[in-house]
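Note sheet for the following structure.
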Amino acid sequence: MEQKNRVVDGAILAMVLSFLGGIMDGYSYAVRGGVFATGQTGNLVLVGFGFMNGDPLRSLKALVPIISFWFGIFGAQHLLHKMEQSGKWRGQDHWKYTVLMAEAVLLLVVGAIPGSVLDLIPNTLISFMAAMQFCCFRQFGDNSAYASVFCTGNMRSCAEMFYQGLVLKNPASLRKAFQYSGIIICFLAGAVFVMAASRCWGVRSIWAGAATALAAGVLLSRFPGK
């Protein structure tokens, strides 16, 4: 029963984080210049599109989140490396909790940046934190791999689990397929939510992401080891 609860709790946290990923991507695209804060594949396409159409500014706007995402990956790896070296928090989730709290603070800052400010600045902050989140949360439940800030890999895993569950009659795989489905739906829900919220709140709609990061931190502290 305890193991079952851990799987369920881990899947819920994964869905909350995916909702947050959708918020960040939907916000950067709808509110901050039509780029993707988390989906760097799309940004690479936009870089090429700007280059081929003689629009270097378009390429630059898409390139900045890519670079920021790289720095976020480096930052997360450096943080984990330093903690492993010091022997502090080894095998615990304090560092993940720290990243979530930092993410909440930075998203609050992003929402306070006026729309008149160059979009490169808020998008840099969002992409950096998206990369940190991506590095920190890679598994859910019974060590199932997933991505909390974009969906391509999750869709592949979901389809594989549905095949194993429906065709090969594996009930455990079918349950996991529904969990992956929930993660994907939550990402879409986050993007739709922030786009709708932006009609009323404008640049401040990203504060919904800050609240979601805080909620994820509460879940993580309540259900450690997810």
Side-chain angles (χ1 to χ4, degrees), residues 9-10 12-32 35-40 43 64-83 89 92-113 117 119-140 146-151 154 183 186-191 193-195 197-198 201 203-226:
D9 296 338
I12 291 173
L13 177 59
M15 291 178 191
V16 172
L17 290 169
S18 186
F19 184 80
L20 174 54
I23 286 177
M24 290 189 288
D25 229 12
Y27 176 83
S28 64
Y29 189 85
V31 182
R32 294 293 191 176
V35 298
F36 300 101
T38 68
Q40 303 309 321
N43 285 334
V64 167
I66 295 173
I67 296 172
S68 182
F69 195 86
W70 275 68
F71 276 107
I73 299 292
F74 270 69
Q77 291 299 311
H78 183 68
L79 178 62
L80 180 58
H81 175 67
K82 288 297 184 183
M83 288 183 176
W89 301 341
Q92 301 180 33
D93 285 327
H94 291 78
W95 71 289
K96 296 181 181 179
Y97 181 82
T98 300
V99 167
L100 286 174
M101 295 304 100
E103 189 169 6
V105 171
L106 281 181
L107 292 181
L108 284 173
V109 171
V110 168
I113 298 175
V117 174
D119 290 329
L120 297 180
I121 296 174
N123 285 337
T124 295
L125 295 175
I126 298 171
S127 293
F128 181 84
M129 291 314 305
M132 295 281 283
Q133 179 182 318
F134 175 54
C135 281
C136 292
F137 300 93
R138 302 187 180 201
Q139 297 178 328
F140 72 93
Y146 85 113
S148 67
V149 295
F150 42 79
C151 284
N154 297 336
I183 290 170
C186 283
F187 184 92
L188 174 61
F193 175 82
V194 78
M195 289 178 187
S198 68
W201 302 341
V203 296
R204 293 187 296 275
S205 58
I206 193 61
W207 287 347
T212 305
L214 290 173
V218 171
L219 282 173
L220 183 64
S221 63
R222 185 177 178 184
F223 305 118
K226 303 300 181 290

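We use all heavy atoms of the structure for the numbers below, so side chains are in, but hydrogens, waters and symmetry mates are not. Remember, predicted model here, so these are calculated numbers, not experimental data.
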**Request:** Please round to the nearest 0.5 Å and tell me the distance separating atom CZ of Arg32 and atom CD1 of Ile113.
**Result:** 6.0 Å

**Request:** Give me the ring orientation class for Phe19 and Phe193: parallel if the planes are under 30° apart, tilted from 30 to 60°, perpendicular past 60°.
**Result:** tilted

**Prompt:** Can you find a heavy atom in the side chain of Leu100 that is under 4.5 Å from one in the side chain of Leu17?
**Reply:** yes

**Request:** Report the distance from atom OG1 of Thr212 to atom CE of Met24, rounding to the nearest 0.5 Å.
**Result:** 9.5 Å

**Complete:** Taken to the nearest 0.5 Å, the spacing of Leu107 CG from Tyr27 OH works out to 9.0 Å

**Prompt:** Got a donor-acceptor contact below 3.5 angstrom from the Arg138 side chain to the Cys135 backbone?
**Reply:** yes

**Message:** So Ile206 and Val31, do their side chains get closer than 4.5 Å, heavy atoms only?
**Reply:** no

**Rounded distance (nearest 0.5 Å) linking atom OG of Ser68 with atom CD1 of Ile66** = 11.0 Å

**Asked** What class does the angle between the rings of Trp70 and Phe74 fall in, given that below 30° is parallel, 30 to 60° is tilted and above 60° is perpendicular?
**Response** parallel

**Request:** Report yes if some heavy atom in the side chain of Phe137 is under 4.5 Å from a heavy atom in the side chain of Leu20; otherwise report no.
**Result:** no

**Asked** Any idea how Phe134 and Phe150 line up, ring-wise: parallel (<30°), tilted (30 to 60°), or perpendicular (>60°)?
**Response** tilted

**Asked** Between Ala37 and Phe69, which heavy-atom pair has the shortest distance, and what is it?
**Response** O-CD1, 4.2 Å

**Prompt:** So, Ser18 side chain and Met15 main chain: donor-acceptor pair closer than 3.5 Å or not?
**Reply:** no

**Message:** Minimum heavy-atom separation for Ile183 and Ala14, please, with both atom names.
**Reply:** CD1-CB, 3.8 Å

**Asked** What's the spacing between Gln133 CD and Ser148 OG if we round to 0.5 Å?
**Response** 3.5 Å

**Message:** Can you give me the closest heavy-atom contact between Phe128 and Phe71, atom names plus distance?
**Reply:** CE1-O, 3.5 Å

**Complete:** Here the gap from Leu214 atom CG to Glu103 atom CD, rounded to the nearest 0.5 Å, amounts to 10.0 Å

**Request:** Side-chain contact test, heavy atoms from C-beta onward, threshold under 4.5 Å: evaluate it for Asp25 versus Ser28 and give yes or no.
**Result:** yes

**Request:** Indicate yes or no: at least one non-hydrogen side-chain atom of Val64 is less than 4.5 angstrom from one of Asn123.
**Result:** no

**Item:** Minimum side-chain heavy-atom gap Gln40-Asn43 below 4.5 Å
**Value:** yes

**Residue pair Asn154 / Phe187, side-chain heavy-atom distance below 4.5 Å** = no

